[in-house]
Structure formats: structure tokens, C-alpha cells
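Down below is the structure, laid out as C-alpha cells.
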Amino acid sequence: MSDARSRPATENRCPECGGATTSNGDETICSDCGLVVAADRIDRGPEWRSFEDGDESRERTGAPLTRSRHDRGLTTEIGRDTRLKGRKRRRLARMRRQHDRAQIRSKAERNRVYGFTEIRRLVGALSLPADVREQACVLFESAQDEGLFQGRSLEGFASACVYAVCRVRSIARTVEEVTEHARGDAAELRAAYDAMNRELGLSTGPIAPATYVPRYASELGVSTQVERRAMELAERVVEENLVGGRNPSGVAGACLYTAAQELDKTLTQQEAADVADVTPVTLRATYYDLQA
DNA sequence: ACGATTATTGCGTTCTT
DNA sequence: AAGAAAACAATAATCGT
């Protein structure tokens, strides 16, 4: 009867010296050379469980828990040994000082490199022009110079920079679309975006719904007549002040749907709502206003 | 922190086939 | 008649300021 629990501790041989190994529950150690053959009780990082049925979206991988610490809290420090006297002690103090400074400088550099590569990746994934990347990187540096990183995640800043550049240049991208490819989530993006908006004063006007129309139109594969009509509607909406704090993406979806309703009728609320990342309910709100 | 907007869910209704 | 789509309502969550 070989119960799995009662397997002998010397079941395996050490790969280094071939000696016998012993296990203490956490580690399997070679009794001859001391090599740790296998170790358990590892922090395997986040493992979420979703309790909503049908939810497959929880990632099993991803960044560790504390993103806002550039080094995940792993630092090297030079200790203070009170037994040391005179020269040695001063030398150690000097080393400590230099070490600290080097760490600060390299930390800023590492953060920048990390942010830039993330920005580059995002811009590529979202298929945005290259000068958006440049602008986002500049913004990233300004944020760093202002010391906004403190307590916020780099991933958030990278995605927020990309999003912010889209905003100031009136390139229609929703937060959802950015975070879909980003390593950080929407909350991190918002935290970073708010900070930059407050401290740096981004010149971001509201996005006109019309800027979303062409892209959504092609995604839905509607006729050019419908698209043109949707553009007209989108402009009428802003003229008549029907947007009023509404999600411009949803408004754009509503314009597309309304246009299709007038001409093709080959578009359901659900389809239009999907490309706009809103629900049919939201879409209806402007759809009704548009008909009046 | 607040008010407005939006998401979500469920359900009876209307339209289509 | 059956199934899909749109409508409606209530509540929770999120957004913009």
C-alpha cells in the first residue's frame, strides 16, 4: 500500500552528487552536498476565483500584487554594523550613500525604459501612428519629472499617456480599448490620468461622437450611405446639445443605428452597442432623442 | 462627495418569420 | 406559434465634476 503521503523522504537522488535526499515538507535537500533539489511553499502569486458563472476573463497570469513599487519591495541595503570603528565605518557610510544614489538614478531610468516599452507596445497593439508614441513618451517623462509616479503604477501611467495623447489629438479611442491591450486595468489608468490632468493640465476637450463614426462604421460593415447619414446625425447631436455628459462612443453607436434604421434596417441595437462598448439601453437613450 | 449617466437583470410586449 | 428584437423598470455601479 503505497500511500502518496507516506512516500519515503529518500525517494529521489540528488542530481548533482547522486546522494540521498531528505524532505522536510518545504524543501527536498541533498544530505550530501546540501543542494536544494526541490522547494515548495512558493508564493505562486495571484490566483483569483470568479464567482460569476460564465466569467472566463480572470487572468491566471499577470503582474504581481504591488505594481507601484518599482522593485516589488526587493531592495538591497547596506547595514550599519555598530562594531565597526573609524575608517572602515566611514568607508561603509560612503558606500551606503553612493549605493543609495545609484539606486535612485537607475530606478528612474529603469522606470522610463519600462514605461517606454509598454507605451510602444500599446501604440502598436492599437495601431496608432508613430508620433503618438513619441508624444506619449514625452508625456510620460513630464509625469515622472513632476514626481507623479509616487504611489501609482507605471502600467497605469503608460496606458494613461497613450489614452491622454489620443484625447488631446482627438483620436477616438475609449478607455476600454486602451486597457484591453494594457498591462494595467482601468482603475490604474484613471488614477494616473487624473493625476496628470490635475498636475499637468492636459488640454483635453470632449470627444465629438463623429470621430468614432467612421471606425465603427467599417467595423460593422455598413453601407457608405448609412455612414454618411450617421455623420450628419452625429453633428446634429452636438449642435442640439443632446450629448450632455453622455458617453460619446455610445452616442456614435446610436447615430449608426439610427441611420441604419432609416435606410437599411440591417443593424440591431445589440450589434451597434457592441462595437461602441455600451449596452443597448444606453444606445436607446440617444436613439429616442434623435428621432424627436 | 455628489448628481447624472450607464450597466445589469428580469420580464411582458411587439415585430418577424 | 415561436423566436428574436426592442421596450421598460428597478437597482447597482461608475463617471464627471
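Residue numbers begin at 1 in each chain, while the letters A, B, ... track the order of the sequences. What you see is a predicted model, and the numbers here were worked out from it, not measured in a lab.
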Taking only distance into account, with no hydrogens and no angle test, what donor-acceptor pairs under 3.5 Å do side-chain atoms of residues 283-290 of chain A form with protein atoms, sequence neighbours excluded?
residue  : atom : partner  : partner atom : Å
A:Arg284 : NH1  : A:Gln269 : OE1          : 2.6
A:Thr286 : OG1  : A:Leu283 : O            : 3.3
A:Tyr287 : OH   : A:Gln291 : NE2          : 2.8
A:Asp289 : OD2  : A:Arg246 : NH2          : 2.3

Nearest-angstrom distance from the residue atom CG of A:Leu267 to P of C:dA4: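 Those two atoms, CG and P, are 18 Å apart.
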Nearest-angstrom distance from the residue atom CG of A:Asp289 to C1' of B:dT5: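 Those two atoms, CG and C1', are 13 Å apart.
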Looking for any heavy atom pair under 4.0 Å, which part of the strands does A:Thr268 touch: base, sugar-phosphate only, or nothing?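 The residue A:Thr268 makes sugar-phosphate contact but no base contact.
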At what distance, to the nearest 0.5 angstrom, does OG of A:Ser142 lie from CD of A:Glu199?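 Nearest 0.5 Å value for the OG-CD distance: 12.5 Å.
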Which letters describe nucleotides 7-17 of chain C, given B = protein heavy atom under 4.0 Å from base, S = only from sugar-phosphate, - = neither? BB------SB-
Counting only pairs under 3.5 Å, give me each side-chain donor-acceptor contact of residues 217-224 of chain A, with atom names and distances, residues two or more places apart or in other chains.
residue  : atom : partner  : partner atom : Å
A:Ser218 : OG   : A:Arg215 : O            : 3.1
A:Ser223 : OG   : A:Val226 : N            : 3.4
A:Ser223 : OG   : A:Asp264 : OD2          : 3.3

Are A:Glu232 and A:Arg229 close enough for a salt bridge, meaning some N to O gap below 4.0 Å?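 Yes, this pair counts.
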Taking only residues at least two apart or on different chains, which pairs with a member in residues 165-197 of chain A satisfy ring-ring contact (aromatic ring centres under 6.0 Å, His included)?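 Passing the test, one end in residues 165-197 of chain A: A:Tyr163-A:Tyr193.
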Less than 6.0 angstrom separating the ring centers of A:Phe149 and A:Phe140, yes or no?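 Under 6.0 Å, so yes.
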List the atom pairs, with distances to 0.1 Å, where a side-chain N or O of residues 248-255 of chain A and a protein N or O form a donor-acceptor pair under 3.5 Å, not counting sequence neighbours.
residue  : atom : partner  : partner atom : Å
A:Ser249 : OG   : A:Tyr216 : OH           : 2.8
A:Ser249 : OG   : A:Ala276 : O            : 2.7

I'd like a list of close polar pairs between nucleotides 13-17 of chain B and the protein, N/O only, cut-off under 3.5 Å.
none

Under a 3.5 Å threshold, yes or no: a donor from one side chain and an acceptor from the other, between A:Gln270 and A:Asp274?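 Judged by distance alone, the side chains do pair up.
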